[in-house]
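As structure tokens, the structure follows; a few thoughts come after it.
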Amino acid sequence: MKIQIITLFPEMFTGVLNASMLWKAQEQGAVQFEFIDLRDFGIGPRKQVDDTPYGGGDGMLLKPEPLVAAIEQAKKNDPTAKVLLPTPRGKQYKQSDAKRFAAAAPGQGLIIICPRYEGYDERVLKWVDESFYIGNYVLTGGELPAMIFIDSVVRLLPGVLGGESSAEIESFQQDDHNIEFPQYTRPEDFRGDKVPDVLLSGHHAEIEGWRKSHSLPPAE
Ligand code: ADE
């Protein structure tokens with residue numbers, strides 16, 4: 001799965017993409033990342049990418065010409081790639097979306113735009129296939145939402161997470177709330193707090209029953 005990222009701050013991704021599971025996924029060839037530096041498409045000697053909003057207001061907006069030129073470059077690299085835009089004005093991103101994008105891999109490439117400043121010129125939406133927000137809070141740009149999106153999709157790619165038990169946990173995950181059950185590891189007794197007996201029983205049906213009955217949506 002090829003993921004192209006259009007950003008003014010490619011260095012923000014270095015730690016996240018080059019550690020742990022995302023690093024392993026690249027090593028295995030399950031995912032390839034490519035960065036397109038929006039600044040390269042800036043206008044004039046100062047490589048301008050932003051401008052003031054028509055109608056007045058605070059802050060700056062990403063100009064359409066550099067952004068669309070960057071998207072066109074990404075499309076040249078991967079003509080059938082879907083263009084995604086993290087924005088508070090999109091629809092809520094959910095686990096079912098992560099599953100959908102993971103299921104479409106490896107054939108379906110993705111291009112993720114990372115807006116900055118106060119947003120983008122509305123006319124770029126013509127080049128966007130899907131826009132999404134990751135939570136009811138406002139961030140300074142699209143880089144963190146892009147990383148969250150990438151992490152949630154790549155961990156679902158075949159072979160990336162490893163162990164079948166991870167897939168088992170997955171089966172408990174539902175769309176609106178990812179149902180998880182309590183888990184324990186060694187020691188059996190930690191400062192007087194004991195692991196529930198059923199989990200030590202080796203009785204798979206009972207363990208599954210216990211996990212189901214202890215699965216709750218995360219606290220609000
Ligand atoms: N850009 C700024 N805040 C955002 C959010 N919560 N989700 C997606 N994109 C954003």
Side-chain angles (χ1 to χ4, degrees), residues 1-17 21-22 31 33-39 41-42 48-71 73-75 81-102 104-105 108-157 173-178 217-220:
M1 173 182 225
K2 185 182 170 77
I3 303 181
Q4 299 182 80
I5 302 159
I6 299 173
T7 174
L8 285 167
F9 301 101
E11 68 278 8
M12 280 182 72
F13 290 82
T14 309
V16 171
L17 300 192
M21 184 234 17
L22 289 173
V31 66
F33 299 110
E34 195 167 314
F35 290 94
I36 295 182
D37 191 334
L38 184 57
R39 187 68 63 188
F41 298 87
Q48 186 187 357
V49 294
D50 59 336
D51 212 334
T52 52
Y54 279 119
D58 284 340
M60 304 289 272
L61 301 180
L62 287 178
K63 293 170 70 59
E65 311 95 306
L67 206 42
V68 169
I71 296 168
Q73 172 68 59
K75 282 274 193 179
K82 272 197 165 171
V83 179
L84 309 182
L85 177 73
T87 165
R89 297 185 55 215
K91 69 180 170 65
Q92 165 98 62
Y93 180 67
K94 292 184 177 170
Q95 184 66 19
S96 57
D97 297 308
K99 286 182 180 164
R100 178 165 58 86
F101 285 112
Q108 181 64 69
L110 300 174
I111 298 163
I112 310 178
I113 303 168
C114 302
R116 274 275 146 185
Y117 311 115
E118 291 305 308
Y120 47 84
D121 185 294
E122 189 75 6
R123 290 168 291 184
V124 304
L125 290 182
K126 265 193 202 157
W127 280 264
V128 170
D129 295 302
E130 289 187 42
S131 54
F132 63 89
Y133 74 94
I134 54 143
N136 288 320
Y137 37 78
V138 179
L139 302 164
T140 53
E143 284 79 7
L144 289 170
M147 286 184 241
I148 287 168
F149 170 89
I150 288 167
D151 189 278
S152 68
V153 173
V154 172
R155 67 184 284 280
L156 299 179
L157 296 178
Q173 295 192 341
Q174 296 187 354
D175 197 16
D176 288 346
H177 39 255
N178 299 326
E220 283 290 319

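In listed order, ligands and their atoms are each counted from 1. What's counted below: heavy atoms across the whole structure, side chains too, no hydrogens, waters or symmetry copies. Model, not experiment: these values are computed from the prediction.
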Query - Proximal ligand 1 atoms for V138, defined as those under 4.0 Å from one of its heavy atoms - result: 3 (N)
Requested in this report: Go through ligand 1 atom by atom and flag the ones less than 4.0 Å from a non-hydrogen atom of F132.
Outcome: 8 (C)
Query raised in the report: Stepwise, does the side-chain contact (heavy atoms from CB on, under 4.5 Å) test hold for F101 with L156?
Result: CA-CA 9 Å; F101 285 112; L156 299 179; over 6 Å; no
Report task. Could you tell me whether ligand 1 has any atom less than 4.0 Å away from a heavy atom of G135? Result -> yes
Report task. Tell me whether the centres of the aromatic rings in F33 and F13 are closer together than 6.0 Å. Result -> no
What protein heavy atom lies closest to [atom]? Include the residue and the distance to one decimal.
{"atom": "atom 7 (N) of ligand 1", "result": "I134 N, 3.0 Å"}
{"atom": "atom 6 (N) of ligand 1", "result": "Y137 O, 2.7 Å"}
{"atom": "atom 9 (N) of ligand 1", "result": "T87 N, 3.2 Å"}
{"atom": "atom 10 (C) of ligand 1", "result": "P88 CD, 3.7 Å"}

Query raised in the report: Taking heavy atoms and a distance under 4.0 Å, where does N136 meet ligand 1: side chain, backbone, both or neither?
Result: neither
Requested in this report: Just let me know how P86 lines up against ligand 1, side chain, backbone, both or neither, with a heavy-atom cut-off below 4.0 Å.
Outcome: both
Query raised in the report: Can you tell me if K75 uses its side chain to pair, donor with acceptor, with the backbone of A81 under 3.5 Å?
Result: yes
Query - Check: D129 side chain, V83 main-chain N or O, donor-acceptor pair, under 3.5 Å - result: yes
Report task. May I ask you to check if ligand 1 and L139 share an N or O to N or O distance below 3.5 Å? Result -> yes
Report task. Before accepting this row, confirm whether a basic side-chain N of the pair R39/D37 lies closer than 4.0 Å to the acidic partner's carboxylate O. Result -> no
Query raised in the report: Does any non-hydrogen side-chain atom of D97 lie less than 4.5 Å from one of K91?
Result: yes
Query - Test side chain to side chain donor-acceptor pair (under 3.5 Å) applied to D50 - qualifying residues, sequence neighbours left out - result: none
